[in-house]
Amino acid sequence: MRRLLVAGNWKMNGSKEQAEQLVTALVQGFSGSDQVEMVLCPPTIYLDQVAGLLNGSAIGLGSQNSSEHEAGAYTGETAPAMLLDMGCRYAILGHSERRTLYGEDNALVAAKFEAAKAAGLTPILCVGETLEQREAGETLAVVAAQVGAVLARLGNEAFAEAVIAYEPVWAIGTGKTATPEQAQEVHAAIRAQVADSNAQVAERVQILYGGSVNAGNAETLFAMQDIDGGLVGGASLKADDFLAICQSANG
Ligand code: PEP
């Protein structure tokens, strides 16, 4: 049985004060669970502050991005080892906003994935199709290429100690959610693709759904066989909503 994971992607939102209020409320409201792990992914600049607030709590920490390089002359970048040093366990990689707005392609995302794993972080690889690709019937091929780039680079242990997040681009921040059946179809295809290279890893890897998850739709999504939690944007900025989503994962 896979444990569920619910990760909050704050994106570029918040302030020191808001981070303190939000994290304090989440620490008070979430005492830990055997069934679900809660992870917060604040902006890099607030990682240290949030790590301090989370100290001793049951809530984990992750970054929203991570460099493909170990160290050196890469102005503005953050190395995986630095994120680990700040207390991160996870790194979101290949989020659709980074793919679309910052030109990250499958090859770069795979390089970041490799560097993150080498440093000891658990990557959360984001994959997903645009609306045009879905309407053209290309969803499974697009997602397979995104997952395949990582398998090609790292081999059949790629997704051991890693997480995949299926996030249809048309559902991110739009209020439109994939139906549980639409999401399950893609999740099952991803797991089958991983199983083709390593059945044991496929059985263990957590595959999260992301795209307008909220307190009202989380339970039915998380009830699907191959949906192992969620990657949550907007609703992770409100303590009550995020706590309710994690509560849904508790079953
Ligand atoms: C995300 O940023 O990964 C995301 C899924 O956002 P939202 O929940 O706001 O759609």
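This is a predicted model, so every value here is computed, not measured. Just so you know, ligand 1 is whichever comes first in the structure, and atom 1 is the first atom listed for that ligand.
Every atom of ligand 1 is numbered from 1 in the order shown, and the set under 4.0 Å from a heavy atom of A171 is 10 (O). For ligand 1 and G173, the ligand atoms under 4.0 Å from any heavy atom of the residue are 7 (P), 9 (O), 10 (O). Against a heavy-atom cut-off of under 4.0 Å, L231 is close to the following atoms of ligand 1: 3 (O), 5 (C). Within the listing of ligand 1, atoms 1 (C), 2 (O), 3 (O) sit less than 4.0 angstrom from a heavy atom of N9. Listed by number with element, the atoms of ligand 1 under 4.0 Å from a non-hydrogen atom of S212 are 7 (P), 8 (O), 10 (O). Close approach of ligand 1 to K11 is summarised as follows: ligand atoms under 4.0 Å from at least one heavy atom of the residue are 1 (C), 2 (O), 6 (O). Every atom of ligand 1 with a heavy atom of G234 under 4.0 Å away is listed here by number and element: 7 (P), 8 (O), 9 (O). Close approach to G211 involves these atoms of ligand 1, each under 4.0 Å from a residue heavy atom: 5 (C), 10 (O).
Ranking protein heavy atoms by distance to atom 1 (C) of ligand 1, first place goes to H95 NE2, 3.2 Å. In this structure, the protein non-hydrogen atom closest to atom 4 (C) of ligand 1 is G233 N, 3.6 Å.
With rounding to the nearest 0.5 Å, the separation of SG in C88 from CD in Q64 is 10.0 Å.
When heavy-atom distances to ligand 1 are checked against a 4.0 Å cut-off, I172 comes that close through both its backbone and its side chain.
Ring-plane geometry between H69 and Y74 is classed as parallel, the angle between the planes falling under 30 degrees on a 0 to 90 degree scale with a further cut at 60.
The side-chain hydrogen bond (donor to acceptor under 3.5 Å, both in side chains) test with D228 is passed by exactly one of R191, R3, H187: R191.
In the model, Q133 has a side-chain atom that pairs as donor or acceptor with a side-chain atom of T130 under 3.5 Å. Checked by atom type, the side-chain pair E37/Y90 shows a donor-acceptor distance below 3.5 Å.
Under a hydrophobic clustering in which Ile, Leu, Val, Met, Phe, Trp and Tyr are joined whenever their side-chain heavy atoms come within less than 4.5 Å, directly or via other members, V213 and L243 fall into the same cluster.
At a threshold of 4.5 Å between non-hydrogen side-chain atoms, the residues C126 and L231 count as touching.
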